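Notes for the one structure printed next.
These numbers were taken from a predicted model, which means no experiment stands behind them.
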Number of protein chains: 2
Amino acid sequence: MPTIYDIAREAGVSITTVSNILNNKGRFKPETVARVLEAVERLKYRPNFAAKSLAARRTNTVTLSALLTPESFDPLNLQYFGAIAQAVSRSGFNFLLHISHDLESFERFASTGICDGWLLMMIRRQDERIALLKELGVPFVSIGRPDEMEGVDIVDTDFEQTARLALEHLLALGHRRIAYLAEPLEFGYSAIRLRAYLACLKEYGLEGNADLVAETDGTEAGTVRALEALWSRDRSITAIITHDIPALTVLRTLREWGLEIPRDVSVIGCSDSPLAALADPPLTTINLYVERIAEAAAEALARRLQEPEAPPAHILIPARLVVRESTGPAPR
Amino acid sequence: MPTIYDIAREAGVSITTVSNILNNKGRFKPETVARVLEAVERLKYRPNFAAKSLAARRTNTVTLSALLTPESFDPLNLQYFGAIAQAVSRSGFNFLLHISHDLESFERFASTGICDGWLLMMIRRQDERIALLKELGVPFVSIGRPDEMEGVDIVDTDFEQTARLALEHLLALGHRRIAYLAEPLEFGYSAIRLRAYLACLKEYGLEGNADLVAETDGTEAGTVRALEALWSRDRSITAIITHDIPALTVLRTLREWGLEIPRDVSVIGCSDSPLAALADPPLTTINLYVERIAEAAAEALARRLQEPEAPPAHILIPARLVVRESTGPAPR
DNA sequence: GCGCTTTTGTAAAGCGCTTTCATTTTATCG
DNA sequence: CGATAAAATGAAAGCGCTTTACAAAAGCGC
């Protein structure tokens with residue numbers, strides 16, 4: 001691999017000049033610039049990442065941290081990855097994705113200074129990554145809300161609005177007995193969503209009733225159990241709000257029980273996972289505008305990197321309802 | 001952030017000693033080792049990635065390259081990510097995931113020397129990443145087979161065997177008119193799978209008939225069109241071999257046509273995507289042993305990094321049939 | 001042509017490590 | 001006990017860049 005010295009020699013200038021030209025610093029004769037660029041092109045020169053990072057004391061790289069647990073196989077995550085990759089590239093940074101199974105591997109990575117800042121996904125209520133990064137003084141943006149939001153930049157879906165979207169859609173269709181089947185409440189978003197749903201119910205004069213709420217452990221069996229619990233407590237349920245992945249199981253289980261969707265029961269998802277459109281029947285759900293979230297997160301981090309002392313931002317992105325075929329008028 | 005100098009000062013030794021102890025080089029008095037380790041612990045010292053990479057002329061990092069196209073949202077990819085992350089960590093390397101939308105972003109990255117070697121996923125028939133890496137002289141392992149396999153380390157599923165698995169299962173159930181609905185043939189695996197299926201059919205004296213093969217463009221509409229083409233050409237089809245994602249659409253479309261699965265038609269998938277178990281009915285498919293593939297790929301790359309001149313390895317991993325509820329005896 | 005500014009360029013230091021090679025200390029042996 | 005080998009440690013060079021501080025060349029008004 002050629003080094004900056006090779007380019008300097010070929011172009012007949014000093015390495016300082018090569019460096020400055022490549023980084024758009026200072027002014028140079030067009031002719032000099034052309035000679036340098038030609039040499040770069042000809043030798044296919046790329047500045048060495050390690051050397052550049054070391055000298056500049058910045059890596060110009062942003063890393064997205066994803067937790068990969070056996071359960072988190074929602075293809076929505078792939079959409080996030082792609083959208084964030086693009087948004088970060090657009091904001092002029094290199095993009096890296098780090099997948100950790102445990103905090104230790106995250107820590108080993110985060111403390112080597114391989115990147116200037118982090119984007120955190122799959123936020124837990126007490127997310128240890130946040131504590132760690134704060135302690136290390138490494139800039140980051142949290143995509144999702146931990147319990148303790150003090151002093152952290154946050155980009156998230158506006159769950160108060162998504163709850164309203166789902167609920168108003170069902171109310172307009174005449175539903176009154178609306179159940180909520182939550183994903184594990186240890187996931188921050190799940191707890192926040194439930195809270196928002198309850199608040200919204202109340203607002204419409206429909207008391208949130210504990211009978212109408214169940215929690216799955218994330219597994220298929222758990223979802224079936226939660227559904228059974230809901231059903232055994234209240235046969236008059238005509239609609240279920242849940243998340244996209246459990247929705248698949250809900251759809252299948254209800255059909256097994258001889259119920260037709262949406263004739264007998266309406267089901268609505270929460271995040272327009274790519275799966276939702278493939279469900280049978282295609283799932284009515286809430287589209288999160290993943291690209292906007294990605295864009296906002298990349299921007300927030302770029303700002304934080306530039307102005308370390310700026311006050312933390314909490315950005316909520318609105319969503320939109322996607323009506324497909326799993327919701328319909330409430331049965332009499 | 002503390003540097004190696006801080007540790008050396010605290011422990012009362014030279015930086016050489018700190019470096020050697022941290023990298024298990026040379027022999028040291030247990031007492032010296034203890035003093036150094038204590039200082040490392042106390043100051044929470046981590047060697048700087050850039051400095052270390054620059055000095056050692058290696059980064060001890062392996063990157064997985066994934067192409068993210070709008071279509072590639074199979075959650076199976078998430079399983080691959082997780083399994084490969086673990087396998088690479090186990091083999092002692094840092095793991096990074098790079099997601100590119102275009103070759104340019106891959107090239108920009110690959111040529112900065114941020115990692116010692118690459119793992120390539122989602123291989124295309126003429127994969128430009130392979131050409132590029134070869135030209136740069138950067139070690140890599142291809143997970144999947146490109147058209148030109150000369151001189152490249154390859155780890156892949158044994159598609160000849162998976163074709164046999166699927167076919168023998170269907171034959172044993174009495175099926176004779178077996179269709180194949182392929183994903184876009186530009187994806188290497190799709191073409192290879194089709195070829196293997198055709199070869200296997202022939203072996204069993206069932207001539208591969210062009211009427212029994214259709215190709216989807218990867219979209220839902222495309223899958224429906226392919227299915228319609230198949231049906232319009234031959235009403236006597238009793239089983240369909242396809243990939244997991246299109247299988248979801250196949251299942252739903254057949255049901256819409258008033259067919260019951262598996263009573264009227266059996267459907268079998270190809271890769272035991274996490275979706276397969278959630279399908280309705282749960283999909284009979286082929287489990288690829290993702291962990292073994294990941295393990296083999298990580299190992300192959302580690303070997304290549306150690307012995308640059310070793311002859312290229314082509315490793316095929318066998319798969320296993322997972323019988324669920326989408327396949328059954330052929331109708332009379 | 002003289003002093004001035006502006007433009008264009010360079011030399012050298014240093015980022016935080018690893019590595020080579022030399023040096024000091026300690027153990028071993030006749 | 002001195003010579004020798006082995007064990008333990010350190011000094012210094014250098015990885016490939018950026019950056020600072022400074023110098024040479026060119027342009028300009030008079």
Under 3.5 Å, is there a donor-acceptor pair linking the side chains of A/Ser14 and A/Thr17?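 Yes.
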
Crowded around A/Glu128 CD? As in, over 12 foreign heavy atoms under 6.0 Å? no

Give a yes or no on whether A/Lys44 atom NZ has more than 12 heavy-atom contacts from other residues, nucleotides or ligands under 6.0 Å away. no

Under the side-chain hydrogen bond (donor to acceptor under 3.5 Å, both in side chains) test, residues paired with B/Glu295 that sit two or more places apart: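 Residues passing side-chain hydrogen bond (donor to acceptor under 3.5 Å, both in side chains) with B/Glu295: B/Arg90.
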
Heavy-atom protein contacts under 4.0 Å, nucleotides 4-13 of chain D, coded B base, S sugar-phosphate only, - none: ----SSBBB-

For DNA chain C, what residues of residues 40-55 of chain A have any heavy atom nearer than 4.0 Å?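 Listed by number, they are A/Leu54, A/Ala55.
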
Taking B/Thr59 for its side chain and B/Asp116 for its backbone only, find out whether a donor-acceptor pair lies under 3.5 Å. yes

Is a side-chain N or O of A/Arg304 found less than 3.5 angstrom from the main chain of A/Ala310, in a donor-acceptor match?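 It does hold such a pair.
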
Listed by chain and number, what are the side-chain contact (heavy atoms from CB on, under 4.5 Å) partners of B/Arg57, not counting sequence neighbours?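 side-chain contact (heavy atoms from CB on, under 4.5 Å) check on B/Arg57 returns nothing, list empty.
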
Can you list everything that forms a side-chain contact (heavy atoms from CB on, under 4.5 Å) with A/Leu132? Sequence neighbours excluded, please. A/Phe106, A/Glu107, A/Leu136

Atom CZ in A/Arg145, atom CD1 in A/Ile192: separation rounded to 0.5 Å?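 These two atoms lie 4.0 Å from each other.
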
Atom of B/Leu301, atom of B/Gly117 and distance for their closest heavy-atom approach: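 So the minimum-distance heavy-atom pair works out to CD2-C, 3.9 Å.
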
Does anyone know the first and last nucleotide of DNA chain C in reach of chain B, 5' to 3', at under 4.0 angstrom to a heavy atom? C/dG16 to C/dT20

Which nucleotide, in any strand shown, forms a Watson-Crick or G-U wobble pair with C/dC15, with both distances under 3.5 Å? D/dG16

